[in-house]
There are 4 protein chains.
Amino acid sequence: MTDMAELPDEPTGWLSDRELEHVRSELPLVYVNVVPVRINPMGEVTEVGLLLRAFDGGISRAIVAGRVLYHERIRDAIVRNMEKDLGLAAMPQVPMSPTPLAVAEYFPTKGVTPFHDSRQHAVALVYVVAVEGHCEPQQGALDLTWLTPEEAASDEIASEMAGGQHVLLRQALAHCGALT
Amino acid sequence: MTDMAELPDEPTGWLSDRELEHVRSELPLVYVNVVPVRINPMGEVTEVGLLLRAFDGGISRAIVAGRVLYHERIRDAIVRNMEKDLGLAAMPQVPMSPTPLAVAEYFPTKGVTPFHDSRQHAVALVYVVAVEGHCEPQQGALDLTWLTPEEAASDEIASEMAGGQHVLLRQALAHCGALT
Amino acid sequence: MTDMAELPDEPTGWLSDRELEHVRSELPLVYVNVVPVRINPMGEVTEVGLLLRAFDGGISRAIVAGRVLYHERIRDAIVRNMEKDLGLAAMPQVPMSPTPLAVAEYFPTKGVTPFHDSRQHAVALVYVVAVEGHCEPQQGALDLTWLTPEEAASDEIASEMAGGQHVLLRQALAHCGALT
Amino acid sequence: MTDMAELPDEPTGWLSDRELEHVRSELPLVYVNVVPVRINPMGEVTEVGLLLRAFDGGISRAIVAGRVLYHERIRDAIVRNMEKDLGLAAMPQVPMSPTPLAVAEYFPTKGVTPFHDSRQHAVALVYVVAVEGHCEPQQGALDLTWLTPEEAASDEIASEMAGGQHVLLRQALAHCGALT
């Protein structure tokens with residue numbers, strides 16, 4: 001229940017599943033983590049989208065996450081992973097800069113950093129990305145919920161997130177001036 | 001020719017011109033500096049907009065700049081100053097975060113920092129903002145030119161900018177991965 | 001009790017108190033907000049310093065805050081304000097970059113942004129700065145307390161801070177990977 | 001001559017050389033890129049350290065670069081790679097935050113991004129790190145030169161750097177307010 005949610009459904013890049021499994025225990029993988037939001041014309045965050053995912057016996061809320069593939073730019077990985085999780089009609093406003101608002105180091109061992117992923121060591125570049133289109137949860141997600149920034153930052157929602165992603169969510173909201 | 005270009009035409013906030021003149025020599029003023037760009041659907045910068053301005057006997061290229069007024073949020077100041085310089089149809093995509101990509105400290109004395117403004121000490125928060133609409137130079141600007149990122153970063157253009165703004169322009173382009 | 005704590009004891013720059021009072025109601029002022037921390041040799045935050053301040057009848061915890069004066073660089077303002085609040089032996093490691101981790105917009109009206117200062121509109125550039133020397137609370141502060149990052153991020157401490165500074169404190173800790 | 005310089009001498013992590021060779025053509029690798037600097041007590045950059053490296057028939061200047069290994073934190077990777085390139089007495093001041101000032105996407109194909117590495121796709125997190133101790137070039141470097149920020153940003157030095165690292169160098173200097 002503490003894995004970054006996207007992995008079972010993700011394309012394996014150019015490695016076979018077996019090779020990827022091996023590499024996961026040998027190298028840190030590059031990820032993007034994206035907090036999808038809706039904004040008003042003044043750029044203010046009005047809603048935050050959280051996915052609902054099932055894991056071995058549990059359920060948790062998650063932000064959009066996925067690997068950066070070989071020969072894929074970060075901006076392309078952001079779009080691909082958002083479309084994978086939110087559908088082809090999501091219409092994300094791709095960030096102009098590849099510089100993330102934060103870097104989350106997911107470790108397979110708990111307590112090394114605030115972030116944990118039992119299957120791997122992942123270095124995730126974190127972004128907030130506005131969507132303009134229609135979003136719906138794709139395969140691998142049970143639901144997609146839009147929350148106000150206040151709701152998204154609540155302790156209740158934090159308790160429903162895994163791997164430390166509630167820290168990223170709050171950091172992203174603070175970055176946007178939407179955390180009170 | 002080394003002043004931040006927007007000042008003669010700017011609203012004086014809630015201070016009289018005379019009071020503002022006095023304050024300029026007593027307090028640092030808060031500014032926004034905005035590099036207006038056009039982007040493609042992948043968020044890549046395709047064009048950079050530079051204003052052409054006349055100063056006491058000279059001409060220079062400039063980015064959008066202007067004060068943050070009393071009780072005005074940074075996002076509102078960005079929109080107001082972009083509309084002041086580029087017109088009401090510019091349709092800027094307001095940034096989600098007030099955190100700037102850089103802070104430029106303009107000093108009335110040359111050489112203290114890379115940035116100089118003979119009239120005042122200004123602390124400018126620097127942003128890159130995409131425009132989606134039609135832009136045209138407003139009162140106080142002679143022209144508005146759209147350049148490729150390569151052209152905008154050239155030594156020729158740098159030599160036509162004042163106050164150190166060529167440094168900000170290149171930093172903004174590097175931030176967007178558009179500086180080669 | 002919701003004012004940025006440093007103001008009563010702050011130098012007035014080159015304006016008289018009366019002039020400054022007037023300007024405060026006419027222009028946004030430039031501030032630095034600094035979260036003072038102790039770090040270990042690996043750069044990890046081990047302790048966070050919070051000041052205890054008295055206000056009209058109340059007490060609250062606060063980070064280091066103060067104005068940027070006319071013709072003062074941000075790095076000089078950081079050092080001066082840290083020495084003002086923590087003493088001359090604090091030995092702050094001045095940041096290499098003037099780019100802040102966040103910008104806090106303090107408004108005299110509540111609810112415009114997460115940050116509030118009843119006396120003025122202040123645009124505060126936010127930094128985390130490590131201190132290597134001995135710190136003690138200066139005039140205007142009742143105490144200086146060093147907390148673990150966990151304690152500093154707790155709801156209890158948040159309830160003892162004013163003006164929205166608990167948001168900045170948590171954002172600063174998240175920025176350093178010290179928020180769990 | 002356009003490869004990120006550190007690779008021949010780098011530890012292979014927990015993969016065999018042969019496996020790493022294979023993975024390099026299948027997955028993006030996580031790197032740190034560090035601009036080593038000397039600073040004065042006010043945090044201003046006074047000198048920039050550049051390595052001189054030999055490649056198949058050529059010589060180029062380079063910043064510190066190296067992989068992040070499996071189960072290695074970014075801050076540990078920064079220290080390890082700085083010690084690898086500058087020696088054990090370099091005494092780097094490890095950054096408090098893992099958030100980089102920029103992300104450089106090195107592609108094996110030229111022209112996709114400003115950054116190129118013929119052997120691999122590397123996603124490099126870019127930092128400026130001050131060194132307080134004695135630095136000397138280690139195995140794999142011919143020399144270590146300390147330049148003023150002005151010299152480091154010159155077109156002459158840019159022409160001696162490979163893979164687009166001159167862009168990072170200038171971006172890092174601009175970030176520190178040391179680019180004029």
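No hydrogens, no waters, no symmetry mates; every other heavy atom, side chains included, goes into these values. Here is how names work: the chains are called A, B, and so on, in the same order as the sequence lines, proteins then strands, and each is numbered from 1.
A:V167 and C:T180 make their closest contact through CG2-C, 3.8 Å (heavy atoms, listed as atom of the first residue, atom of the second, distance). The two atoms that bring C:P114 and A:G177 nearest to each other are CG-O, 3.5 Å, heavy atoms only.
A:T113 does not touch chain C: none of its heavy atoms, backbone or side chain, sits under 4.5 Å away.
Taking CG from C:L179 and NE2 from A:H166, the interatomic distance works out to 7.0 Å, rounded to the nearest 0.5 Å. Rounded to the nearest 0.5 angstrom, C:H175 NE2 and A:Q171 CD are separated by 8.5 Å.
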